[in-house]
Asker: 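What follows is a single structure, and I will ask about it in a moment.
Protein chains get the first letters and strands the later ones, always in sequence-line order, with residue 1 at the start of each.
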2 protein chains.
Amino acid sequence: MTSRPSRPRMKDVAAEAGVSVMTVSRVVNGEAGVAPLTAARVAAAVRKLGYQRDDVARQLRRTDRLSQTIGLMVDNVADPFMAAVASATEDIAHRRGNMVLIGSSRADPHREREVIAAFTARRVDGLILTPVAGDQRFLRSAQTRGTKIVCVDRAAPGLDVDTVVVDNFGAVRQAVGHLIAHGHRRIGYLGDKRQIWTFGERHRGYLAALDAAGIDADPALVRHGLRSGADAARAVTAILCAPEPPTAVLAGNEVLAFGVRAVLPAGVAFIAFDDFALAAQLTPPVTVIAQDPVALATSAAHLLFARIHGDTSPPRRVVMPTELIPRGSGEIPGPGSPTRTPRR
Amino acid sequence: MTSRPSRPRMKDVAAEAGVSVMTVSRVVNGEAGVAPLTAARVAAAVRKLGYQRDDVARQLRRTDRLSQTIGLMVDNVADPFMAAVASATEDIAHRRGNMVLIGSSRADPHREREVIAAFTARRVDGLILTPVAGDQRFLRSAQTRGTKIVCVDRAAPGLDVDTVVVDNFGAVRQAVGHLIAHGHRRIGYLGDKRQIWTFGERHRGYLAALDAAGIDADPALVRHGLRSGADAARAVTAILCAPEPPTAVLAGNEVLAFGVRAVLPAGVAFIAFDDFALAAQLTPPVTVIAQDPVALATSAAHLLFARIHGDTSPPRRVVMPTELIPRGSGEIPGPGSPTRTPRR
DNA sequence: CTTCTGGTTGGTATCGTTAACAGCTCGTCG
DNA sequence: CGACGAGCTGTTAACGATACCAACCAGAAG
């Protein structure tokens with residue numbers, strides 16, 4: 001009964017305007033070489049029928065084969081850091097007339113492959129990825145077939161691509177050094193799996209800072225593989241019950257920080273990786289290692305579009321700055337602090 | 001120099017396996033009616049060449065014309081509420097073998113139209129929208145041409161589509177009633193533009209609660225069109241400097257709540273629309289009107305896929321529950337409170 | 001031995017668009 | 001006055017896949 005009026009094609013517009021489809025194509029794409037009068041007639045027909053070009057057919061036929069679509073694969077868009085990355089990516093893409101397909105790996109390598117296969121089946125021009133733990137070599141075939149790839153936030157082992165990251169190692173080494181300078185010697189570390197590039201780096205930074213201060217690392221103060229605030233809360237509670245509990249704790253990212261903060265006793269120093277909205281409003285205000293997800297994503301998107309438009313220079317690694325923002329929680333003095341045990 | 005090895009086509013696989021492209025098509029799509037031996041030979045050729053079906057060409061030819069792609073248009077994915085919506089949408093889509101194209105309107109009706117035009121040009125099967133302020137009638141043409149549409153979080157005036165929302169009016173009326181019950185009579189309201197459906201409803205709920213208590217609404221305590229935490233901080237500071245300042249404040253969403261909380265003096269009661277990660281950890285803990293963005297988006301996505309797969313029943317409006325979670329900030333007594341001015 | 005049936009397989013047209021080229025209509029110049 | 005070029009428009013053949021139908025082959029039935 002309800003006949004659905006299918007969308008008009010170029011040939012319908014051509015019939016309406018009394019020209020050939022080629023002329024319609026030229027007008028629709030704003031090409032030169034159409035008489036103004038003809039162009040106006042075609043434009044009127046387009047408006048009258050409500051014609052809209054079918055980009056699927058267009059992409060199939062065009063020589064450049066560009067879909068004007070890129071894929072963004074993150075762990076989880078609900079994560080505030082990744083949400084900021086997605087937002088910034090969409091913004092740059094929009095400015096360049098592109099759209100963003102989004103996919104979540106949810107830390108699952110199998111799902112990661114599925115999502116990327118779905119991206120390439122739709123012939124995206126490029127991919128922006130935060131790779132999950134493990135080997136990314138399977139992306140090489142997509143790469144050799146012309147799909148441009150940029151990694152953001154995390155590097156991809158085994159894959160030679162543009163990468164935009166921060167100096168996770170240096171940032172954590174600095175932060176742990178900061179705690180040590182405030183008199184702490186027993187410092188807890190809470191992170192996700194070491195196999196995730198960022199967390200591997202952050203843990204290395206933690207160890208390096210302890211080593212530089214001549215402190216023996218105690219594995220009892222370290223927890224890996226934490227995925228949620230609840231995980232982090234349980235983990236920090238556990239390490240605080242140890243015979244020699246830590247006097248300071250570092251949370252490896254924002255989500256873990258929320259969980260830690262909920263159960264951390266006053267008096268234990270605390271630094272979080274990633275700045276977050278209410279960090280300054282908590283009691284005490286939270287000292288953080290701030291990075292700028294918008295800048296990371298913007299840089300990655302610009303790199304990607306440069307590649308899509310023909311940049312064939314060797315892959316680059318862009319390292320963006322971090323900033324240690326002391327707000328109070330990271331400056332709570334430890335047992336070796338001069339303010340607690342003055343020497344003079 | 002670097003000849004890029006273009007991806008193999010079905011005809012390459014067909015040549016490799018010594019069959020016709022039709023047979024390859026049947027094997028690739030898992031259709032019945034291919035001899036097991038032939039299928040195995042084709043499968044081997046597919047693996048050898050690394051063949052992947054081109055969904056762009058496929059979509060052009062198929063009778064159902066489905067792209068297995070939906071579009072999600074939100075104000076801003078960086079907003080935590082919208083990020084949760086996006087994440088849940090992606091999850092449902094993934095389970096159904098679909099992908100999600102994402103677009104941000106950034107509260108700009110012009111950009112909203114651009115994004116939606118880009119969606120339909122790519123022939124998405126359906127759209128999930130949080131409409132910006134203003135009229136959405138322009139979507140009717142897309143709708144009559146077969147694009148399924150579902151609104152989430154906000155209704156779309158002038159458009160007859162499935163809609164998944166919460167009872168914003170009732171939730172705010174209840175929350176303001178809660179403040180009145182705690183002795184407040186001068187209550188501030190901070191929201192975004194009234195033309196945005198949710199904020200219109202929330203403001204109506206505010207007025208209704210005052211009216212029910214016989215309190216005259218004072219326009220000096222109301223601010224609309226606030227878009228950021230900074231906007232909200234300025235606005236609340238301004239209304240607190242009024243001759244008769246409010247003793248309680250309601251923030252219309254999470255982002256505004258952050259800004260209000262940063263500058264709100266202790267002693268002023270406070271309720272926020274939307275629950276947020278650290279609400280319970282602030283001092284005092286923040287009383288909120290909680291809604292569940294994951295449930296909203298999940299419901300919207302299920303509705304959309306039902307439509308895409310042929311459900312032609314009349315458009316539905318799904319209203320999901322909210323919950324007033326008293327945590328402290330909303331229970332600070334006002335001047336008329338029995339605890340401050342006991343009557344016995 | 002011929003015809004029929006059912007399971008396989010292949011040929012051809014087509015989806016909506018653009019690339020490449022052909023052809024037409026002028027006005028202009030030698 | 002005829003040839004030529006510039007400007008405009010149309011024709012044809014793809015892009016990579018699927019829909020539809022025809023053709024083939026073996027074994028069974030008559």
Side-chain angles (χ1 to χ4, degrees), chain A residues 4-43 45-46 49-68 120-125 145-146, chain B residues 5-43 45-46 49-69 120-125 145-146:
Chain A
R4 81 183 95 162
S6 73
R7 51 197 281 169
R9 341 262 168 214
M10 272 193 181
K11 73 173 174 206
D12 303 315
V13 177
E16 175 72 27
V19 296
S20 73
V21 290
M22 254 332 284
T23 301
V24 176
S25 173
R26 282 188 269 253
V27 173
V28 166
N29 294 304
E31 285 170 29
V34 179
L37 209 73
T38 315
R41 238 178 34 245
V42 171
V46 165
L49 302 180
Y51 171 78
Q52 186 186 27
R53 187 179 61 199
D54 185 329
D55 281 359
V56 172
R58 175 170 212 245
Q59 192 206 337
L60 183 62
R61 191 60 186 86
R62 277 174 66 94
T63 328
D64 63 15
R65 302 251 32 187
L66 291 182
S67 57
Q68 311 244 87
T120 56
R122 282 167 178 74
R123 291 186 154 284
V124 297
D125 302 332
R145 277 174 205 148
Chain B
S6 73
R7 51 197 283 170
R9 341 259 171 222
M10 270 194 182
K11 74 172 176 209
D12 302 317
V13 177
E16 175 72 27
V19 296
S20 74
V21 290
M22 263 320 295
T23 301
V24 177
S25 173
R26 282 188 269 256
V27 173
V28 166
N29 295 303
E31 285 170 30
V34 178
L37 210 74
T38 316
R41 235 177 37 244
V42 171
V46 165
L49 301 182
Y51 172 78
Q52 186 187 27
R53 186 179 61 201
D54 184 328
D55 282 0
V56 172
R58 175 169 211 247
Q59 191 206 338
L60 183 62
R61 191 61 185 87
R62 278 175 66 93
T63 326
D64 64 14
R65 305 250 29 187
L66 291 182
S67 57
Q68 310 243 87
T69 304
T120 56
R122 283 167 178 74
R123 289 186 156 284
V124 296
D125 302 331
R145 276 171 204 149

Asker: Would you call B/Leu60 and B/Arg65 a side-chain contact if the rule is heavy atoms closer than 4.5 Å?
Answerer: yes
Asker: Using whole Å, report how far CG of B/Leu37 lies from P of C/dG7.
Answerer: 18 Å
Asker: Using OP1 and OP2 only, check whether a side-chain N or O of B/Thr23 sits under 4.0 Å from C/dT9.
Answerer: no
Asker: In terms of side-chain heavy atoms of B/Ala35, which of C/dT8, D/dT9, C/dA19 is nearest?
Answerer: C/dT8
Asker: How many Å lie between CZ on A/Arg41 and C1' on D/dC8, as a whole number?
Answerer: 12 Å
Asker: Nucleotide by nucleotide, 5' to 3', does protein get under 4.0 Å of the base (B), only the sugar-phosphate (S), or neither (-) in nucleotides 11-17 of chain D, counting heavy atoms?
Answerer: B-BBBBB
Asker: If you take all heavy atoms of A/Ser67 and A/Asp125, which pair is closest and at what distance?
Answerer: N-OD1, 2.8 Å
Asker: Between A/Arg122 and B/Gln68, is there a side-chain heavy-atom distance shorter than 4.5 Å?
Answerer: yes
Asker: Within the structure, does a side-chain N or O atom of B/Thr38 lie under 4.0 Å from either OP1 or OP2 of C/dT9?
Answerer: yes
Asker: Could you tell me whether the side chain of B/Val13 reaches within less than 4.5 Å of the side chain of B/Met10, counting heavy atoms only?
Answerer: no
Asker: Got A/Arg9 and A/Val21 here, is their nearest side-chain heavy-atom distance under 4.5 Å?
Answerer: no
Asker: Taking atom P of C/dG16 as reference, at what distance in whole Å does atom CZ of B/Arg122 sit?
Answerer: 19 Å
Asker: Do the side chains of A/Arg7 and B/Arg123 get nearer than 4.5 Å, heavy atoms only?
Answerer: yes
